[in-house]
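Here's the structure we're looking at; comments come further down.
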Amino acid sequence: MLHPPRRINDRFGAFRLAERGYMVIAKRLPSPHRRLAKRGEREWAAEPPWEVVMIKESRPEKSNRIRSVERAIDLLQALNRRPLSTINDLHRETGLPKPSIVRLLRTLEAKGLVAQSSSYGTYQLLGRVKSLSSGFHHEPLIIEVAEEIMIDFTKREGWPLALALFDLNAMVVRASSIPYTSLSLFHSSLNMRLSMVSRALGRAYLAHSTPNEQKIILEIVKHSADPEDEPARNSEAMTRMIEQVRERGYATRGPSIEPKSSTIAVPVRENGRVVACLGFTWITAAMPLQKAVEQYLPRVLATADTISAEMASRSPQAREPYGFPSGERRLDLSGVA
């Protein structure tokens with residue numbers, strides 16, 4: 001809807017209109033030059049007056065989502081990934097404006113979930129944050145089986161392992177041994193969503209899935225807006241990657257993805273079918289890929305086999321579909337052409 005022209009005597013009048021969801025096109029009198037005021041931009045000269053040439057409603061469609069809650073959750077997830085985070089770290093990971101981050105941190109501090117550490121300018125989660133998950137009790141059996149085996153590996157070898165399950169269009173880390181080592185760039189990797197085509201865990205799962213599952217997964221990932229999923233649109237590159245992973249027996253992440261660390265990933269199978277992937281991550285400066293493959297790949301494969309063997313020893317009646325909450329139907333891809 002368009003509104004007739006009118007005069008405003010200060011630049012903040014334009015800001016107030018823009019902040020209320022209007023698109024404002026104005027010019028400073030007597031110059032015909034027009035400027036566009038968008039929400040959050042402060043490019044207006046201080047000298048009055050201005051004439052609003054057009055005021056157009058540009059409110060987005062109403063949504064049932066509460067943006068402030070989404071921002072708080074994004075911030076908590078970012079804080080959970082490292083022991084200490086600066087405002088710049090949080091801004092880079094969440095994309096939230098720094099003033100919004102500061103306000104959210106103050107709120108979380110007031111609720112006893114976050115504290116500013118003794119190291120100036122850094123923030124950390126407090127133990128009370130565990131109360132947010134105290135009512136969640138369901139875990140797929142494979143996580144229960146794998147966690148102890150993974151922890152034992154990390155205590156023995158020093159480097160962390162991660163177990164990821166497939167979830168719609170990505171691999172989600174559901175178990176990690178990072179808390180049992182200091183040799184990690186992240187405080188936690190739990191619940192990270194990792195690309196199926198750029199990350200080692202995703203590539204390993206994709207390559208060892210059935211051809212029908214591969215076709216369906218790639219079709220889903222093609223519609224993703226995540227830049228890391230862009231390679232899915234190149235079918236020839238995907239075919240080469242899948243063949244390479246199957247030939248080697250392990251997958252690596254794309255070379256431009258988080259180069260400070262490296263990962264090799266292998267499948268975890270049950271009854272011959274891939275049900276999860278196990279990833280071994282190290283700091284890249286510590287050793288080159290070839291050395292990691294020669295020294296650790298046999299041990300990672302043995303660990304994956306141990307998890308598979310332990311799964312096979314459990315009663316089938318005790319199992320829940322992997323990656324899906326209890327009571328929900330699991331998508332069966334085996335019969336899809």
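Starting from 1, each residue takes its place in the sequence as its number.
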- Message: If you define the side chain from C-beta out and look only at heavy atoms, does anything of Q244 sit under 4.5 Å from E247?
- Response: no
- Query: R81 side chain to S189 main-chain N or O, any donor-acceptor pair under 3.5 Å?
  - Reply: no
- Would you mind reporting whether Q214 and I242 have side-chain heavy atoms less than 4.5 Å apart? yes
- Query: Considering only heavy atoms from C-beta outward, does the side chain of W282 approach that of Y296 to under 4.5 Å?
  - Reply: no
- State, yes or no, whether a side-chain contact exists between L185 and T281 at a heavy-atom distance under 4.5 Å. no
- Query: Can you name the nearest heavy-atom pair linking A162 to V173, along with the distance?
  - Reply: CB-CG1, 4.1 Å
- Co-membership, hydrophobic cluster, residues L168 and L201, 4.5 Å side-chain: no
- What pairs with L183 under side chain to side chain contact (heavy atoms under 4.5 Å, CB included), at least two apart in sequence or on another chain? W159, T181
- Message: Run the salt bridge (charged side-chain N to carboxylate O under 4.0 Å, His left out) test on R174 and E147 for me, step by step, so that the C-alpha distance in whole Å, both residues' side-chain angles and the decisive distance to 0.1 Å come before the verdict.
- Response: CA-CA 10 Å; R174 299 296 302 276; E147 280 186 326; over 6 Å; no
- Flag yes if more than 12 heavy atoms outside E148 fall under 6.0 Å of its CD atom; otherwise flag no. no
- Provide the closest heavy-atom pair for L96 versus H91 in the form atom of the first, atom of the second, distance. O-ND1, 2.7 Å
- R248 and E243 ion-paired at < 4.0 Å: no
- Message: Test of understanding: with salt bridge (charged side-chain N to carboxylate O under 4.0 Å, His left out), list the residues that count as partners of E310, not counting sequence neighbours.
- Response: R314
- Nearest heavy-atom neighbours spanning V245 and A204: CG1-CA, 4.3 Å
- Item | Nearest-0.5 Å distance, OG1 of residue T303 to CE of residue M150 | 9.5 Å
- Item | Transitive ILVMFWY side-chain link Y123 to L126, under 4.5 Å | no
- Item | Side-chain donor/acceptor of R128 to backbone N/O of K111, under 3.5 Å | yes
- Message: Can you give me the closest heavy-atom contact between R269 and G272, atom names plus distance?
- Response: NH1-O, 3.6 Å
- Hey, does the side chain of H187 reach the backbone of L84 with a donor-acceptor pair shorter than 3.5 angstrom? no
- Item | Donor-acceptor pair, side chain of S262 and main chain of T284, under 3.5 angstrom | no
- Sequence neighbours left out, what passes side-chain hydrogen bond (donor to acceptor under 3.5 Å, both in side chains) with S261? Give chain and number order. R253
- Message: Any donor-acceptor pair under 3.5 Å linking the side-chain atoms of R273 with those of H208?
- Response: no
- Query: Distance from L297 atom CG to I264 atom CD1, nearest 0.5 Å?
  - Reply: 5.0 Å
- Message: Just to verify, what does E157 make a salt bridge (charged side-chain N to carboxylate O under 4.0 Å, His left out) with, not counting sequence neighbours?
- Response: R299
- Do Y250 and V293 pass the side-chain contact (heavy atoms from CB on, under 4.5 Å) test, and can you show the C-alpha distance, the side-chain angles, and the key distance before you say yes or no? CA-CA 9 Å; Y250 68 91; V293 170; 3.6 Å; yes
- Stepwise side-chain contact (heavy atoms from CB on, under 4.5 Å) test for V275 and L165: CA-CA 7 Å; V275 293; L165 306 183; over 6 Å; no
- Item | Set of residues satisfying side-chain hydrogen bond (donor to acceptor under 3.5 Å, both in side chains) with respect to E294, sequence neighbours excluded | Q290
- In Å, rounded to the nearest 0.5 Å, how long is the span from OG of S177 to CG of D152? 10.5 Å
- Item | For E109 against Q116, the heavy-atom pair lying closest together | OE2-N, 3.5 Å
- Note on the structure: Heavy atoms of I217 and S209 approach each other most closely as CD1-OG, 4.4 Å
- Query: What's in the same ILVMFWY side-chain cluster as I151, cut-off under 4.5 Å, chained through other members?
  - Reply: Y180
- Message: I'd like to check L76 versus L132 (side-chain heavy atoms, cut-off strictly below 4.5 Å). Are they in contact?
- Response: yes
- Task: Please name all residues satisfying side-chain hydrogen bond (donor to acceptor under 3.5 Å, both in side chains) with R103, sequence neighbours left out, ordered by chain then number.
- Result: S100
- Item | Polar side chain donor-acceptor pair, S195 to D229, under 3.5 angstrom | yes
- Query: Between CE of M241 and OG1 of T252, what distance do you get to the nearest 0.5 Å?
  - Reply: 9.5 Å
- Task: Answer yes or no: is there a side-chain heavy-atom contact under 4.5 Å between V114 and V129?
- Result: no
- Message: The criterion is salt bridge (charged side-chain N to carboxylate O under 4.0 Å, His left out); which residues satisfy it with R193, sequence neighbours excluded?
- Response: D167
- Item | side chain to side chain contact (heavy atoms under 4.5 Å, CB included) against I73, all qualifying residues, sequence neighbours excluded | V69, Q77
- Can you name the residues that form a side-chain hydrogen bond (donor to acceptor under 3.5 Å, both in side chains) with K98, not counting sequence neighbours? N88
- Item | Pairing residues for S68 by the side chain to side chain contact (heavy atoms under 4.5 Å, CB included) criterion, not counting sequence neighbours | I66
- Task: Assess whether side-chain contact (heavy atoms from CB on, under 4.5 Å) is satisfied between F186 and E258, documenting all intermediate values.
- Result: CA-CA 12 Å; F186 288 100; E258 294 184 11; 3.5 Å; yes
- Tell me, do L218 and V197 make a side-chain contact under 4.5 Å, heavy atoms counted? yes
- With V268, which of V274, L163, V145 fulfils side-chain contact (heavy atoms from CB on, under 4.5 Å)? L163
- Heavy-atom distance under 4.5 Å between the side chains of F153 and V300, does that happen here? yes
- Of all residues at least two apart in sequence or in a different chain, which pass the side chain to side chain contact (heavy atoms under 4.5 Å, CB included) check with S85? L79, R82, D89, L90
